[in-house]
Amino acid sequence: MRTQVAIVGGGPSGLLLGQLLHRAGIDTVVLERRSRDYVLSRVRAGVLETGLVDLMHEAGVGERMDREGFIHDGTLIANGDEQFRIDFHRLTGRHVMVYGQTEVTRDLYEARDAAGALTLHDCRGVKPHDLDTAAPFVTFLRDGAVHRLDCDFVAGCDGYHGPCRQEIPTEVRREYEKTYPFGWLGVLSETPPVSDELIYANSARGFALCSMRNATLSRYYIQCDLSDSPDDWTDDMFWEELKRRIPAEAAERLETGPSIEKSIAPLRSFVCEPMRWGRLFLCGDAAHIVPPTGAKGLNTAASDVHYLSNALKRFYHDRDDEGLERYSETALARIWKTERFSWWFSSLMHRYPDQSAFDLRIQQAELAFLRDNEAAQKAMAESYVGLPY
Ligand code: APR
Ligand code: PHB
């Protein structure tokens with residue numbers, strides 16, 4: 001087979017890239033290891049920056065998002081029983097869109113099918129070759145046969161555990177990582193959200209987050225030990241602990257119910273440099289991970305896709321490869337700022353096992369500064385709604 005851009009990974013970054021290139025008349029084939037149902041069964045975050053909302057429109061897949069998504073002009077920060085609001089709209093003139101990542105991925109698959117673009121699921125042993133030549137190709141196993149896909153470029157959109165990043169020689173590749181001494185226990189429940197806006201809560205018992213998917217589907221998280229497993233937490237234990245961590249008036253209002261999904265995610269910051277090697281270009285989780293506190297995972301994948309799709313359009317339409325030459329540096333500049341915000345927000349809102357009394361006082365002072373200082377709120381709001389591309 002032959003295509004212009006071979007996309008490894010059928011998650012949100014691979015599909016969004018494929019859709020934007022399709023609309024620019026550039027051919028792509030997506031190679032995904034899992035089935036489509038499996039990819040769509042993953043429960044992930046759901047706060048979209050304005051940049052991603054605009055990209056969804058540019059990709060022609062914004063209709064359902066506009067219809068079913070929620071515009072949020074602000075968010076709530078709780079510190080024990082005290083609570084204050086960050087007014088994104090007043091501080092930045094912008095807002096975020098609450099719309100599940102699963103729905104984004106579903107819309108992109110439907111658009112890809114409608115475009116008649118090729119997506120191959122259940123591809124095993126995907127391996128890129130000759131990335132340091134002008135004629136790379138990808139081999140993979142499917143339906144018991146070995147296949148070869150010739151291409152001009154390979155987009156590594158295969159997530160953190162995918163093969164593409166490993167193709168960057170270790171002498172060239174530099175990886176930066178920070179792990180956090182706790183995880184997030186998340187529950188999805190068919191209950192009405194406790195608040196119209198998200199509540200990020202720092203409490204003496206640890207972090208909690210009240211989020212939502214729609215008027216009857218809520219998503220809640222509590223900070224938990226990394227050694228915990230979801231089976232250690234009955235639904236009742238989860239709801240009781242959540243109530244202890246959010247302001248009393250919210251705990252009063254909280255409607256509980258059976259969890260329809262319960263999982264624990266570790267918190268990690270990770271960045272791979274460079275994000276390009278020869279004809280290979282990494283996007284999304286394949287190159288960087290953020291802790292979920294700032295809801296930046298999907299949004300950083302989107303900014304990568306913005307830069308790479310524009311660079312590829314310049315290459316194919318104007319034979320200009322400057323965008324490709326500058327892709328890694330351009331994408332990493334925005335990624336490190338977003339990594340900083342996600343690390344800062346995680347440090348502000350969680351309780352650390354080794355936190356000294358002094359550290360705790362500083363954390364409390366940082367929360368008070370954010371509550372009382374307009375400039376601090378504006379800086380937080382600008383990062384939360386999304387830094388410009
Ligand atoms: N061959 C083919 N596909 C693969 C392989 C492989 N060897 N390894 C992984 N994949 C697929 C995965 O099955 C997955 O569907 O690559 C896709 C990567 O998708 P994501 O992990 O969702 O990464 P990305 O598209 O970059 O989206 C980033 O996802 O994890 C969240 O928080 C993250 O919101 C962020 C978003
Ligand atoms: C979510 O809705 O799952 C969510 C929202 C905000 C975050 C993380 C997760 O910071």
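As the structure lists them, so they are numbered: ligands from 1, and atoms in each ligand from 1. Note that the numbering runs from 1 along the sequence shown for the chain.
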Would [X] count as being in polar contact with ligand 2, using the rule that some N or O on each side must be under 3.5 angstrom apart?
X: Tyr384; answer: no
X: Trp184; answer: no
X: Pro292; answer: yes
X: Arg219; answer: no

- Ile289 contact mode with ligand 1 (heavy-atom cut-off under 4.0 Å):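 For Ile289, there is no contact with ligand 1 at all, from either part.
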- Message: Counting only heavy atoms closer than 4.0 Å, does ligand 1 sit against the backbone of Val126, its side chain, both, or neither?
- Response: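 Side chain only.
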Is there a side-chain contact between [X] and [Y], using heavy atoms and a 4.5 Å cut-off?
X: Asp122; Y: Ser35; value: yes
X: Arg276; Y: Leu282; value: no
X: Lys243; Y: Leu254; value: yes

How far is [atom] from the closest protein heavy atom, and which atom is that?
atom: atom 36 (C) of ligand 1; value: Gln101 NE2, 3.6 Å
atom: atom 31 (C) of ligand 1; value: Arg44 NH1, 3.1 Å
atom: atom 3 (O) of ligand 2; value: Tyr221 OH, 2.5 Å
atom: atom 19 (O) of ligand 1; value: Gly11 CA, 3.6 Å
atom: atom 7 (N) of ligand 1; value: Pro163 CD, 3.2 Å
atom: atom 2 (O) of ligand 2; value: Ser211 OG, 2.6 Å
atom: atom 23 (O) of ligand 1; value: Asp285 CB, 3.8 Å
atom: atom 10 (N) of ligand 1; value: Asp158 O, 3.7 Å
atom: atom 25 (O) of ligand 1; value: Ser13 OG, 2.9 Å
atom: atom 32 (O) of ligand 1; value: Gly297 CA, 3.9 Å

Can you confirm if the NZ or CZ of [X] lies within 45° of the ring axis of [Y] and under 6.0 Å from the centre of its six-membered ring?
X: Arg279; Y: Phe153; answer: yes
X: Arg34; Y: Tyr38; answer: yes
X: Arg268; Y: Tyr160; answer: yes

- Query: For Gly284 and ligand 1, does the shortest N/O to N/O distance drop below 3.5 Å?
  - Reply: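 No, since none of the N or O atoms of Gly284 sits under 3.5 Å from an N or O of ligand 1.
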Only heavy atoms of [X], strictly under 4.0 Å: list the atoms of ligand 2 that pass.
X: Tyr200; value: 6 (C), 7 (C), 10 (O)
X: Leu198; value: 5 (C), 6 (C)
X: Arg213; value: 1 (C), 2 (O), 3 (O)
X: Val47; value: 5 (C), 6 (C)
X: Ala295; value: 6 (C), 7 (C), 10 (O)

Charged N-O contact under 4.0 Å between [X] and [Y]:
X: Arg371; Y: Glu82; value: yes
X: Arg173; Y: Glu273; value: no
X: Arg36; Y: Asp113; value: yes

Value rounded to 0.5 Å, distance of [atom1] in [X] from [atom2] in [Y]:
X: Thr75; Y: Leu198; atom1: OG1; atom2: CG; value: 5.0 Å
X: Lys178; Y: Leu267; atom1: NZ; atom2: CG; value: 11.0 Å
X: His317; Y: Leu312; atom1: NE2; atom2: CG; value: 10.0 Å

Run the numbers for me: atoms of ligand 1, each under 4.0 Å from some heavy atom of [X], listed by number.
X: Gly162; value: 8 (N)
X: Gly159; value: 18 (C), 21 (O)
X: Leu31; value: 2 (C), 3 (N)
X: Leu298; value: 34 (O), 35 (C)

I want to confirm something. Looking only at heavy atoms, which of [options] is nearest to [atom]?
atom: atom 18 (C) of ligand 1; options: Ala286, Cys157, Gly46; answer: Cys157
atom: atom 17 (C) of ligand 1; options: Glu32, Lys296, His161; answer: Glu32
atom: atom 14 (C) of ligand 1; options: Arg33, Arg36, Arg34, Arg42; answer: Arg42

- Using modelled atom types only, decide if a donor and an acceptor are shared between the side chain of Glu32 and the backbone of His121 within a distance under 3.5 Å.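 Such a contact is absent between Glu32 side chain and His121 backbone.
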- Given Asp152 and Tyr316, is the side chain to side chain donor-acceptor pair (under 3.5 Å) satisfied, shown in steps? CA-CA 10 Å; Asp152 302 327; Tyr316 282 112; 2.6 Å; yes
- Task: For ligand 2, note which part of Thr293 has a heavy atom under 4.0 Å away: side chain, backbone, both or neither.
- Result: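 Only the backbone of Thr293 comes within reach of ligand 2.
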- Under 3.5 Å, is there a donor-acceptor pair linking the side chains of His22 and Thr28?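 Looking only at side-chain atoms, Thr28 and His22 do not form any donor-acceptor pair under 3.5 Å.
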- Message: Parallel, tilted or perpendicular: which one describes the rings of Phe88 and Tyr384, with boundaries at 30° and 60°?
- Response: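 Parallel, since the angle between the ring planes stays under 30°.
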- Query: Can you say whether the rings of Phe182 and Tyr180 are parallel (under 30°), tilted (30 to 60°) or perpendicular (over 60°)?
  - Reply: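 Phe182 and Tyr180: tilted rings.
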- Message: Quick check on Lys296 - does any of its heavy atoms sit under 4.0 Å from an atom of ligand 2?
- Response: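 Lys296 does not count as a contact of ligand 2 under the 4.0 Å cut-off.
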- Message: I'd like to know whether CD of Glu249 has more than 12 heavy-atom contacts from other residues, nucleotides or ligands below 6.0 angstrom.
- Response: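 Counting other residues, nucleotides and ligands, CD of Glu249 exceeds 12 neighbours.
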